[in-house]
Amino acid sequence: MYVVIMGGGKMGLSLASLLVSDGHDVTLIENDQGLCNIASSELDAMIICGSGTNGKVLEEANIGDADVFVAATGNDEVNLLSCILVNEYNIPKIIARVSDITHSHAFKEVGIDSVVSPELTTASYVEKLIIRPKIADLVVMGKGDAELLDLKLENEKYVGKTIGDVSPDDNFLIVAVYENDNLQIPKPEMIFKRGMKISILVKTKYAQKVVKMFTNT
């Protein structure tokens, strides 16, 4: 994927580093020359020193080609303005950092997909929002070596099979299923249905494989 990140502070730099190490193309936009210099020395990515609220800077970052835009500065107003501008390019996913959680409604009103708070999330969590788009929800557990995923069953291969046919596995366990939005404890004889929401406890290093397994992405 091609990801454009605005903000070269701790969160933006960490997120960019994670994405680059996973093989994704990243452009980092940062207004502070000092932070740009740090990013240039630490990242194998395009670094643009300028404001993400400037249309010319966004064009320089080839924003129209981006799969994801992340507004990660510590200024909610700057993040909101950049997201409004970027929204015009019909980018598949926009993620905004919000420092004051009471501002989150303003982002949602202008159609921002995901709003994250640095007090509640980490760069690794935001990375997972980017690289695992089929996940409805995600909770990182313990020291980050396990995750609880909520997703919808889309792979026809498993429709009609029983839960006992596939779970438990050495690397994951289906811990809940939902029928008409009602949580049920899974039993081996329960049948998978197309579109069924399931909760899976999975070892982090196998999470991507498990997501692909059930969503067929």
Side-chain angles (χ1 to χ4, degrees), residues 1-89 91-104 106-107 110 112-133 135 138 140 142-145 147 204-205 207-208:
M1 286 186 294
Y2 176 45
V3 183
V4 176
I5 300 171
M6 182 187 72
K10 183 177 180 180
M11 181 177 184
L13 190 62
S14 297
L15 176 60
S17 180
L18 287 168
L19 290 168
V20 169
S21 66
D22 278 345
H24 300 288
D25 294 324
V26 174
T27 291
L28 181 69
I29 301 173
E30 170 53 52
N31 204 32
D32 182 272
Q33 185 64 58
L35 291 177
C36 285
N37 293 339
I38 293 173
S40 295
S41 66
E42 295 186 6
L43 292 176
D44 182 16
M46 179 183 288
I47 311 299
I48 299 176
C49 200
S51 173
T53 61
N54 185 310
K56 290 184 179 180
V57 172
L58 292 174
E59 292 287 349
E60 185 180 349
N62 295 316
I63 192 66
D65 295 330
D67 299 294
V68 183
F69 174 76
V70 183
T73 79
N75 186 306
D76 289 357
E77 289 75 17
V78 169
N79 289 345
L80 180 60
L81 179 56
S82 66
C83 287
I84 291 173
L85 293 174
V86 169
N87 219 12
E88 298 297 318
Y89 292 87
I91 292 175
K93 193 173 191 65
I94 297 175
I95 300 172
R97 169 184 176 177
V98 58
S99 297
D100 185 344
I101 200 66
T102 63
H103 293 164
S104 60
F107 288 83
V110 297
I112 307 308
D113 302 289
S114 301
V115 178
V116 297
S117 166
E119 288 75 24
L120 301 177
T121 59
T122 64
S124 61
Y125 176 91
V126 179
E127 184 206 22
K128 290 176 176 65
L129 289 178
I130 293 171
I131 66 176
R132 299 177 197 162
I135 296 175
L138 174 152
V140 179
K143 296 181 179 179
D145 53 0
E147 298 172 12
T204 294
K205 64 180 180 179
Q208 187 80 350

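- In terms of heavy-atom proximity, Gly52 sits nearest to Ser82 at O-CB, 3.5 Å.
- Shortest non-hydrogen contact noted between Val4 and Ala61 is CG2-O, 4.0 Å.
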Item to complete: Could you check Glu59 against Tyr89 for side-chain contact (heavy atoms from CB on, under 4.5 Å), going step by step and ending with a plain yes or no?
Response: CA-CA 10 Å; Glu59 292 287 349; Tyr89 292 87; 2.7 Å; yes
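- Qualifying side-chain contact (heavy atoms from CB on, under 4.5 Å) partners for Val78, counting only residues two or more places apart in sequence or in other chains: Met6, Thr53, Thr73, Asn75.
- Here the closest non-hydrogen pair linking Ala72 and Asn79 is N-OD1, 4.0 Å.
- Of all the heavy atoms in Leu58 and Leu85, the pair that sits closest is CD1-CB, 4.1 Å.
- Between the His24 side chain and the Met1 main chain, a donor and an acceptor come within less than 3.5 Å of each other.
- When the options Asn62, Asp25, Asp65, Thr27 are evaluated for a side-chain hydrogen bond (donor to acceptor under 3.5 Å, both in side chains) with Tyr2, the one that passes is Thr27.
- Remark: the backbone N or O of Asp76 is not paired with any side-chain donor or acceptor of Ser99 at under 3.5 angstrom.
- Atoms CD1 and CZ, on Ile63 and Phe69 in that order, are 5.5 Å from each other to the nearest 0.5 Å.
- Here the closest heavy-atom approach between residue Val20 and residue Ala45 is recorded as CG2-CB, 4.2 Å.
- Using a distance-only test at 3.5 Å, with no hydrogens or angles considered, a donor-acceptor pair links the side chain of Ser21 to the main chain of Leu18.
- The structure places CD1 of Ile29 at 10.0 Å from CE of Met46, a figure rounded to the nearest 0.5 Å.
- For the pair Asn54 (side chain) and Lys56 (backbone), a donor-acceptor distance under 3.5 Å is present.
- Partners of Cys49 under the side-chain contact (heavy atoms from CB on, under 4.5 Å) rule, at least two apart in sequence or in another chain, are Gln33, Cys36.
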Discussion item. Checking Cys83 against Val110 for the side-chain contact (heavy atoms from CB on, under 4.5 Å) test, could you report, in this order, the C-alpha distance in whole Å, the side-chain angles of both residues, the deciding distance, and whether it holds?
Written reply: CA-CA 8 Å; Cys83 287; Val110 297; 5.6 Å; no
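- Exactly one residue among Val70, Ile95, Asp67 makes a side-chain contact (heavy atoms from CB on, under 4.5 Å) with Val3. That residue is Val70.
- Side-chain contact between Val68 and Pro92 is absent, with no heavy-atom pair separated by less than 4.5 Å.
- Remark: Ile84 CD1 to Phe107 CZ distance equals 8.5 Å, nearest 0.5 Å.
- Between the CD atom in Glu42 and the CG atom in Asn37 there is a gap of 11.0 Å [rounded to 0.5 Å].
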Worksheet entry | Working for side-chain contact (heavy atoms from CB on, under 4.5 Å), residues Leu15 and Ile5 | CA-CA 8 Å; Leu15 176 60; Ile5 300 171; 3.9 Å; yes
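- Of the inter-residue distances, the one linking Asn87 atom CG with Ile112 atom CD1 reads 5.0 Å to the nearest 0.5 angstrom.
- The two residues Leu28 and Gly8 make their nearest non-hydrogen contact at CD2-CA, 4.0 Å.
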